[in-house]
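Every chain is numbered from 1, with letters handed out A, B, ... down the list of sequences.
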Protein chains: 2
Amino acid sequence: MKKIDILKKLRSSKLRPTKQRVEIAKFLFEREKTFHFTVESLNKLLLKKSISKIALATIYNTVHAFKAAGHLSEVEVRGNKTYFDTNVSNHHHFYDSENSELIDIDANEIVIQKIPKAPNGKKIKNVEVFINLKN
Amino acid sequence: MKKIDILKKLRSSKLRPTKQRVEIAKFLFEREKTFHFTVESLNKLLLKKSISKIALATIYNTVHAFKAAGHLSEVEVRGNKTYFDTNVSNHHHFYDSENSELIDIDANEIVIQKIPKAPNGKKIKNVEVFINLKN
DNA sequence: TTTCACTTTAGAATAATTATAAACTAGATT
DNA sequence: AATCTAGTTTATAATTATTCTAAAGTGAAA
């Protein structure tokens with residue numbers, strides 16, 4: 001993803017392209033593979049990579065803004081920290097609790113044959129499958 | 001579940017049946033349906049029900065001891081608090097984010113037809129399906 | 001270039017959970 | 001039954017993740 005696209009991405013989602021947002025967006029979205037992270041890990045990685053220090057609160061703000069704009073998805077994982085995923089398409093996850101690692105599984109890699117109907121008055125929003133791993 | 005069974009349950013899992021543990025165990029396990037809770041909600045409910053006050057730290061200790069002994073399972077839910085479930089059999093969940101409610105789904109209510117193989121050197125521990133609900 | 005709503009920032013505040021260390025107790029030993 | 005001891009409870013402090021606050025900074029419209 002080029003710089004111009006990052007700017008488009010931000011503008012189209014009504015996020016003013018500030019220095020910090022562009023820097024974080026470049027770091028998150030200018031990569032081939034999808035990327036899983038917590039705010040803490042992202043902060044550490046940004047500290048290593050960048051010249052300018054970005055406040056932790058800004059990283060929280062920015063990540064949540066990207067999530068609200070649909071550029072990041074939040075992944076529920078057992079544990080204390082919140083994980084985010086640059087893959088915002090409908091998909092599933094392997095979760096390796098040994099090293100707290102998430103691995104994406106394409107939606108078409110899992111086929112569900114039978115599923116219960118939603119309770120009274122509710123509808124199914126989406127289905128998420130977690131395959132927990134062991135050694 | 002009778003009181004004698006609670007004592008057996010605790011003894012068989014090498015948990016000394018203290019007053020607090022018996023009280024919490026009775027509250028959690030002497031019921032028909034499975035029960036979902038957070039430490040906070042359990043604390044509030046115990047305060048209402050019981051005569052004796054149990055320290056919050058003891059509730060954390062006890063819930064984790066029950067989990068370690070296999071009497072409770074931990075459910076991963078998006079959000080800040082940790083949910084526990086008195087249903088320790090292999091099963092799945094509806095999650096209603098409107099009111100943060102979990103509903104059990106029996107293992108045989110969901111049939112998965114196709115599943116990817118585990119990554120190099122890893123094995124599949126278990127598969128958890130979350131059906132997220134909307135109105 | 002001026003203006004102003006939006007943003008960033010450091011630090012304080014909050015909330016969930018875990019650690020600490022002193023007092024307590026179940027159950028074994030005498 | 002009295003004593004002992006390792007395991008347990010408790011109040012409180014500490015820690016950790018996250019959110020709030022309010023002052024200073026900044027994109028971009030006019």
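- The side-chain hydrogen bond (donor to acceptor under 3.5 Å, both in side chains) test applied to S89(B) returns N87(B), not counting sequence neighbours.
- The NZ-P distance, from K14(B) to dA6(D), rounds to 17 Å in whole Å.
- By the side-chain hydrogen bond (donor to acceptor under 3.5 Å, both in side chains) test, Q20(B) is found to be paired with no residue, residues two or more places apart in sequence or in another chain being considered.
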For nucleotides 24-29 of chain C, give me every protein contact, N/O to N/O, under 3.5 Å, one pair per line with atom names.
unit_1: dG27(C); atom_1: OP1; unit_2: R11(B); atom_2: NH2; d: 3.1

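- Residues that satisfy the ring pair (Phe, Tyr, Trp, His ring centres under 6.0 Å) test with F94(A), not counting sequence neighbours, are absent from this structure.
- Distance CG (N61(B)) to C1' (dT20(C)): 12 Å, rounded to an integer number of Å.
- The hydrophobic side chain of L47(B) is isolated, with no ILVMFWY side chain under 4.5 Å apart from it.
- Contact between the side-chain N/O atoms of Q20(A) and the OP1/OP2 oxygens of dG25(D) is not found at any separation under 4.0 Å.
- Within the structure, every pair that satisfies the side chain to side chain donor-acceptor pair (under 3.5 Å) test and touches residues 57-77 of chain B, not counting sequence neighbours, is listed here: S13(B)-H71(B), K67(B)-E74(B).
- For K81(B), the side-chain contact (heavy atoms from CB on, under 4.5 Å) test picks out T38(B), E40(B), with sequence neighbours left out.
- E23(A) places its CD atom 13 Å from the P atom of dG27(D), with the value rounded to the nearest Å.
- Straight-line distance from the CZ atom of F37(B) to the P atom of dA16(C): 16 Å, rounded to whole Å.
- The salt bridge (charged side-chain N to carboxylate O under 4.0 Å, His left out) pairs that include a residue from residues 102-123 of chain B are D96(A)-K122(B), where partners are two or more places apart or lie in different chains.
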For a quick check, with a 4.0 angstrom heavy-atom cut-off, what is the B/S/- contact string for nucleotides 15-22 of chain D, read 5' to 3'?
--SBBB--
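- The interatomic distance linking E74(B) (CD) with dA16(C) (P) rounds to 16 Å, in whole Å.
- Partners of N108(A) by side-chain hydrogen bond (donor to acceptor under 3.5 Å, both in side chains), not counting sequence neighbours: none found.
- Over its length, the helix from dT1(C)-dA30(D) to dT30(C)-dA1(D) turns its helix axis by 20°, as judged from the five terminal pairs at each end, rounded to 10°.
- dT8(C) atom P lies 10 Å from atom CG of L10(A), rounded to whole Å.
- Between H93(B) and H36(B), the two ring planes are perpendicular [angle over 60°; tilted spans 30° to 60°].
- For S52(B), the side-chain hydrogen bond (donor to acceptor under 3.5 Å, both in side chains) partners two or more places apart in sequence, or in a different chain, are E23(B).
- To the nearest angstrom, C1' of dT9(D) lies 11 Å from NZ of K53(B).
- A donor-acceptor pair is defined here as one N or O able to donate and one able to accept, closer than 3.5 Å; no such pair exists between the side chain of S97(B) and the backbone of S100(B).
- In this structure, the CD1 atom of I59(A) is 12 Å from the C1' atom of dT8(C), given to the nearest Å.
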